[in-house]
Undergrad: 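Below are the structure tokens for one structure; questions will follow.
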Number of protein chains: 2
Amino acid sequence: MSQDWRERKKARTRERIQREALRLFGEQGYDETTVTRIAAAAGVSHTTFFRYFPTKEDVVLADEYDPLIEAAMRSRPDSEDLVERVRNAMAEGLAAVYAADRDALLARVRLLLSAPALRSRLWEQMQSTQALLERSLAGTDDPAAVPMRVRVVASACLAVLTTAITTWGDEGGTADLPELVDEAFAQLRAELS
Amino acid sequence: MSQDWRERKKARTRERIQREALRLFGEQGYDETTVTRIAAAAGVSHTTFFRYFPTKEDVVLADEYDPLIEAAMRSRPDSEDLVERVRNAMAEGLAAVYAADRDALLARVRLLLSAPALRSRLWEQMQSTQALLERSLAGTDDPAAVPMRVRVVASACLAVLTTAITTWGDEGGTADLPELVDEAFAQLRAELS
DNA sequence: GCTAACATGTTAGCCACTAACATCCTTCTC
DNA sequence: GAGAAGGATGTTAGTGGCTAACATGTTAGC
């Protein structure tokens, strides 16, 4: 009971900052919105902003997806080959997000596509997702022990997923994303046979 | 004749800045080396530094590879399928750099692997390389006219190339890079059949 | 109530990067 | 060969992301 009030207040402050930030980004663009401005809109100082989000980019890119993917990877049977396992795990995680949150996902993707700084940050995050995939596929915790074959698969699958999501965002979210992802994987397979 | 002296002087200044920068990065690390320090070592002011290189990252990432790849893509016969064309073009461009410049390439790769800021910048550059590949494969100049199939191929091939180069750098450059790239493509193909 | 813990604000500063202006040096013209 | 024009450079000052130090207020546990 003791810490509850504090935790809840902190969570609300965090949400307020994020909400105001996304609103301002949408209204005036990412680069044109300063951290100080966001902090003022949320009623805090810019130092407090940085106590909640280590960088400006993190307001957009709070990574909730890695745990999803990790769990999905664990539920994949060993009978599937490497690509199938990654493909299905990503599809599973994505389906959950997509069903719950389609519009928010689209807004986020479009923001990401609009600001170079955000895109580079995304790449960094994907690097950690890739490391996760590799460890999971290779069944080891030592990054140096991952064979190149596994790294090739992980990076290629992520590239395909990214391409599908990017295409989806470029088209304004008109298509069905899970279908697009399926299609993208099928296309790669078709090109390589 | 008139402008020659000026041009040559500028070229020398540019090289001096770059040389000193790479030396300092090697000695004390990328993040630990400030632009002002580099400028001082090169005997110029920090504003002059930025007149030669738009960002600190650009000292490391002057992109000479895209033109190579573009030329190589043009020399590929239409009889090859998409993946083969990209694969061979990249192999051709890489072979040239590798033969001429192996040690410099290795040093650069290792620097890239060491600094997150540089890596994200690399991703941005790869985005432009990917766009180039897509246009070349699709035979169009309109990015919106590129079918997803082509984008999937381009992004996956780049991912494979990057994985091979990264592996090479991680292993200290002991392997033969062109061979590694070949192997990486073969592995992806093997996993997808 | 008192004290320890903690969230926040203020201030000052670093660094990448930019703009404005003055200076100097080359180059071109007469 | 003197002077004007143009370009390269330095100085200064400023912005924005981000950090550290310290002071203050607010809550938690006794």
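To find a chain, count down the sequence lines: A is the first, B the second, and so on, and within it residues start at 1.
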Undergrad: Would a 4.5 Å heavy-atom cut-off, applied to side chains only, mark Ser114(A) and Phe25(A) as touching?
TA: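 In short, these two side chains do not touch, never coming nearer than 4.5 Å.
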Undergrad: Assess whether one donor atom and one acceptor atom, taken from the side chain of Arg51(B) and the base of dG7(D), lie less than 3.5 Å apart.
TA: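 By the distance-only test, no, there is no pair.
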Undergrad: Expressed in angstrom and rounded to an integer, what is the separation of Glu32(B) atom CD from dC15(C) atom C1'?
TA: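 Spelled out: CD on Glu32(B) to C1' on dC15(C) is 13 Å.
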Undergrad: Could you state the atom-to-atom distance from CD1 of Ile38(B) to P of dC15(C) in whole Å?
TA: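 Checked: the CD1 to P distance equals 12 Å.
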Undergrad: Could you tell me the separation between the CD atom of Glu7(A) and the P atom of dA28(D), rounded to a whole number of Å?
TA: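 It works out to 11 Å between those atoms.
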Undergrad: For the residue pair Phe50(B) and His46(B), categorise the inter-ring angle as parallel (less than 30°), tilted (30 to 60°) or perpendicular (more than 60°).
TA: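 If you compare the ring of Phe50(B) with that of His46(B), the planes turn out perpendicular.
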Undergrad: Can you tell me how far P of dG17(D) sits from CZ of Phe53(A), to the nearest Å?
TA: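 My rounded result for the distance is 15 Å.
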Undergrad: Starting at atom CG of Asp31(A), determine the distance to atom C1' of dG17(D), rounded to an integer number of angstrom.
TA: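 Taking CG of Asp31(A) and C1' of dG17(D), I get 12 Å after rounding.
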Undergrad: Heavy atoms under 4.0 Å, any strand shown: does Thr48(B) hit a base, just sugar-phosphate, or nothing?
TA: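 Here Thr48(B) touches the backbone only, sparing every base.
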Undergrad: Nearest heavy atom decides the nucleotide; on that basis, is Thr13(B) or Lys56(A) closer to the 5' end of DNA chain D?
TA: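 Between the two, 5'-proximity favours Thr13(B).
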Undergrad: What is the distance, rounded to the nearest whole Å, between atom CZ of Phe49(B) and atom P of dA8(D)?
TA: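 My rounded result for the distance is 18 Å.
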Undergrad: For the pair made of CZ in Arg8(A) and C1' in dC6(C), what is the distance, rounded to whole Å?
TA: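 Spelled out: CZ on Arg8(A) to C1' on dC6(C) is 18 Å.
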Undergrad: Base, sugar-phosphate or nothing for Thr47(A)? Non-hydrogen atoms, less than 4.0 Å.
TA: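 Here Thr47(A) touches the bases of the nucleic acid.
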Undergrad: In plain terms, say whether Glu84(B) and Arg189(B) are close enough for a salt bridge, that is, a side-chain N and a carboxylate O under 4.0 Å apart.
TA: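 Salt bridge flag = yes for Arg189(B) with Glu84(B).
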Undergrad: Checking side-chain polar atoms at under 3.5 Å, does Asp58(B) have a donor or acceptor matched by the opposite partner on Thr55(B)?
TA: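 Thr55(B) and Asp58(B) do have a side-chain donor-acceptor pair below 3.5 Å.
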Undergrad: Counting only side-chain heavy atoms from C-beta out, which of dT9(D), dA16(C), dG9(C) sits nearest to Phe50(B)?
TA: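 For Phe50(B), the side-chain atoms sit closest to dA16(C).
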Undergrad: Of the options dT11(C), dG9(C), dA16(C), whose atoms approach the side-chain atoms of His46(A) most closely?
TA: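 When the side chain of His46(A) is considered, dT11(C) is the closest of dT11(C), dG9(C), dA16(C).
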Undergrad: With sugar-phosphate meaning primed atoms plus P, OP1 and OP2, does Tyr52(A) contact a base, only sugar-phosphate, or nothing at under 4.0 Å between heavy atoms?
TA: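 Counting heavy atoms under 4.0 Å across all strands, the contact made by Tyr52(A) is with sugar-phosphate only.
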Undergrad: Reading DNA chain C from 5' onward, which residue's closest nucleotide shows up sooner: Gly43(A) or Thr36(B)?
TA: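 Closer to the 5' end of DNA chain C: Gly43(A).
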Undergrad: Classify Lys10(A) by what it touches in the nucleic acid, base, sugar-phosphate, or nothing, heavy-atom distance under 4.0 Å.
TA: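 Counting heavy atoms under 4.0 Å across all strands, the contact made by Lys10(A) is with sugar-phosphate only.
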Undergrad: Within 45 degrees of the ring normal and closer than 6.0 Å to the centroid, is that where the cationic atom of Lys56(A) sits relative to Tyr30(A)?
TA: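 Judged by the rule (NZ or CZ under 6.0 Å from the ring centre, within 45° of its axis), Lys56(A) counts as positioned above Tyr30(A).
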Undergrad: For dC30(D), which nucleotide in any strand shown is its Watson-Crick or wobble partner with both distances under 3.5 Å?
TA: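 Pairing partner: dG1(C).
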Undergrad: Using whole Å, report how far NZ of Lys9(A) lies from P of dA7(C).
TA: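 That distance rounds to 10 Å.
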